[in-house]
**Student:** 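Sharing a structure with you now.
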Number of protein chains: 2
Amino acid sequence: MLTDEYRYKVLKLLADNPCLSQRELARELGISLGKVNYCLKALIDIGMIKVNNFKNSHNKQAYVYLLTPKGIEDKAKVTVRFLNRKLEEHQVLQQEIEALRQEVIEEEHTTQGEKLLQ
Amino acid sequence: MLTDEYRYKVLKLLADNPCLSQRELARELGISLGKVNYCLKALIDIGMIKVNNFKNSHNKQAYVYLLTPKGIEDKAKVTVRFLNRKLEEHQVLQQEIEALRQEVIEEEHTTQGEKLLQ
DNA sequence: AGCACTGCGTTCATCGAGTGAACGGATGGT
DNA sequence: ACCATCCGTTCACTCGATGAACGCAGTGCT
């Protein structure tokens with residue numbers, strides 16, 4: 001399951017640096033190698049990135065994960081989508097925080113009331 | 001594993017209404033019955049709540065999950081702890097949002113640049 | 001009394017996302 | 001030739017979460 005979160009994050013990292021290995025991506029993203037491998041395959045399947053496995057100047061094997069034009073386009077879309085989701089989260093979080101603040105205040109009053117009774 | 005999140009949420013719900021059944025708690029919390037059962041057991045084990053299984057006025061069985069004094073105290077502490085964690089999350093989220101906004105702007109410029117070249 | 005039904009807590013087989021050790025292949029160094 | 005290293009790939013395993021199924025207790029109807 002390729003979530004918007006990793007769809008966005010992987011595309012961003014690869015847009016900035018297509019030479020990242022799967023292990024580097026995993027470290028960067030804080031997820032396992034297996035999951036990175038899965039996400040990359042998914043992104044390749046839907047045509048967002050293309051793997052160029054060429055030999056570099058020193059005839060050394062080099063994997064490069066390049067964003068396709070579709071991938072570049074999708075990155076922009078998914079970024080906006082991801083931002084919007086974060087904004088929603090933000091709103092929810094603010095409400096939660098407000099409720100928690102209220103509750104802490106109420107608890108303080110309760111405790112004070114109990115202290116007065118003792 | 002009893003996380004602070006559910007430690008807080010269950011204590012809050014039960015403080016407000018000790019008569020909630022496990023199924024009602026599950027619905028309220030948006031989690032499964034099994035998980036609620038596990039959380040309650042954990043809270044009972046560490047002495048935060050006590051289950052009163054008495055017969056009510058009509059001799060009908062009734063489960064009541066009451067907060068112990070320790071539970072009331074813990075609820076206050078865990079609420080503050082939970083609030084602090086939410087505040088941290090909030091800060092992280094704001095930074096993420098700012099970064100995403102920046103990125104959307106950059107992408108717009110890039111796209112415009114490409115459009116100009118076409 | 002008998003029976004069906006409801007609601008309770010409890011259990012546990014099942015699921016699936018996530019993990020990372022292990023593998024084969026390619027390359028570089030000695 | 002040999003070993004070390006880094007690559008992507010695989011897959012057995014873990015573990016939190018799930019909810020169907022169970023036994024039990026009380027209710028209501030016949």
Side-chain angles (χ1 to χ4, degrees), chain A residues 1-11 13-68 71 82 85, chain B residues 1-11 13-68 71 82 85:
Chain A
M1 184 209 47
L2 176 65
T3 60
D4 262 10
E5 177 174 3
Y6 290 105
R7 184 166 176 165
Y8 157 71
K9 286 183 178 174
V10 170
L11 287 178
L13 282 173
L14 291 181
D16 291 349
N17 181 7
C19 296
L20 289 170
S21 73
Q22 294 189 7
R23 272 163 243 265
E24 286 169 331
L25 281 169
R27 213 177 310 126
E28 206 81 34
L29 295 168
I31 59 178
S32 70
L33 178 58
K35 188 170 180 181
V36 167
N37 186 268
Y38 180 85
C39 289
L40 283 180
K41 268 206 181 119
L43 286 171
I44 291 167
D45 276 353
I46 59 176
M48 296 303 147
I49 58 180
K50 195 170 170 314
V51 49
N52 261 25
N53 183 0
F54 70 102
K55 315 273 181 169
N56 69 10
S57 55
H58 293 9
N59 207 35
K60 176 181 173 179
Q61 178 173 292
Y63 285 81
V64 180
Y65 299 100
L66 290 166
L67 270 66
T68 62
F82 193 53
R85 235 203 45 203
Chain B
M1 184 209 45
L2 176 65
T3 59
D4 261 12
E5 178 174 1
Y6 290 104
R7 183 166 177 164
Y8 156 72
K9 287 183 178 174
V10 171
L11 287 179
L13 282 174
L14 291 181
D16 290 350
N17 182 6
C19 296
L20 289 170
S21 73
Q22 295 189 7
R23 272 163 242 267
E24 285 170 331
L25 281 169
R27 213 177 310 125
E28 206 81 33
L29 295 168
I31 59 178
S32 70
L33 178 57
K35 187 170 181 181
V36 167
N37 186 268
Y38 181 86
C39 288
L40 282 179
K41 270 206 180 117
L43 286 170
I44 291 167
D45 277 351
I46 59 177
M48 295 303 147
I49 58 180
K50 195 172 171 313
V51 50
N52 260 26
N53 184 1
F54 69 103
K55 315 276 181 166
N56 70 7
S57 56
H58 292 10
N59 206 37
K60 178 180 172 181
Q61 178 172 292
Y63 285 81
V64 180
Y65 299 99
L66 290 166
L67 269 66
T68 63
F82 193 53
R85 235 203 46 202

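Order of the sequence lines sets the chain letters (A, B, ...), proteins ahead of strands, with each chain counted from 1.
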**Student:** How long is the span from the CG atom in B/Asn37 to the CZ atom in B/Arg23, to the nearest 0.5 Å?
**Tutor:**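 Here the rounded value is 10.0 Å.
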**Student:** If you apply the rule side chain to side chain contact (heavy atoms under 4.5 Å, CB included), what do you find for B/Val10 with B/Leu2, and how did you get there?
**Tutor:** CA-CA 10 Å; B/Val10 171; B/Leu2 176 65; 6.0 Å; no
**Student:** Relative to A/Tyr38, does A/Lys35 satisfy both conditions: NZ or CZ under 6.0 angstrom from the six-membered ring centre, and within 45 degrees of the ring's axis?
**Tutor:**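 Pair A/Lys35/A/Tyr38 does not count as cation-pi.
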**Student:** To the nearest angstrom, how far is A/Leu2 atom CG from C/dG18 atom P?
**Tutor:**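 Value for this atom pair: 11 Å.
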**Student:** Rounded off to whole Å, could you give me the NZ-to-C1' distance for the B/Lys35 and C/dC15 pair?
**Tutor:**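 Computing the B/Lys35:NZ to C/dC15:C1' distance gives 16 Å.
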**Student:** Mind checking the CG-NZ spacing from A/Leu14 to A/Lys9? Nearest 0.5 Å is all I need.
**Tutor:**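 Here the rounded value is 14.0 Å.
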**Student:** Just checking, any donor-acceptor pair under 3.5 angstrom between side chains of B/Gln22 and B/Tyr65?
**Tutor:**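 Indeed, the side chains of B/Gln22 and B/Tyr65 share at least one donor-acceptor pair under 3.5 Å.
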**Student:** Rounded to the nearest 0.5 Å, what separates atom CG in B/Leu40 from atom OH in B/Tyr63?
**Tutor:**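 Here the interatomic distance stands at 12.0 Å.
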**Student:** Using 0.5 Å steps for rounding, measure from the CD atom of A/Glu28 to the CG atom of A/Asp16.
**Tutor:**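 Spacing of CD (A/Glu28) from CG (A/Asp16) equals 10.0 Å.
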**Student:** Find the distance between CG (B/Leu20) and CG (B/Leu25) and round it off to the nearest 0.5 Å.
**Tutor:**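 Separation between the atoms: 5.0 Å.
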**Student:** Can you name the atoms? Protein N/O to nucleotides 5-8 of chain D N/O, anything below 3.5 Å, with the distance.
**Tutor:**
residue: D/dG8; atom: OP1; partner: A/Gln22; partner atom: N; Å: 3.4
residue: D/dG8; atom: OP1; partner: A/Tyr65; partner atom: OH; Å: 2.9
residue: D/dG8; atom: OP2; partner: A/Gln22; partner atom: N; Å: 3.1
residue: D/dG8; atom: N7; partner: A/Arg23; partner atom: NH2; Å: 2.5
residue: D/dG8; atom: O6; partner: A/Arg23; partner atom: NH2; Å: 2.7

**Student:** Tell me: CG of A/Leu29 to C1' of C/dT19, nearest whole Å?
**Tutor:**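 Result: 15 Å.
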**Student:** Using a 4.0 Å cut-off on heavy atoms, which residues in residues 41-52 of chain A reach DNA chain C? List them by number, or say none.
**Tutor:**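 Of all residues in residues 41-52 of chain A, none places a heavy atom under 4.0 Å from DNA chain C.
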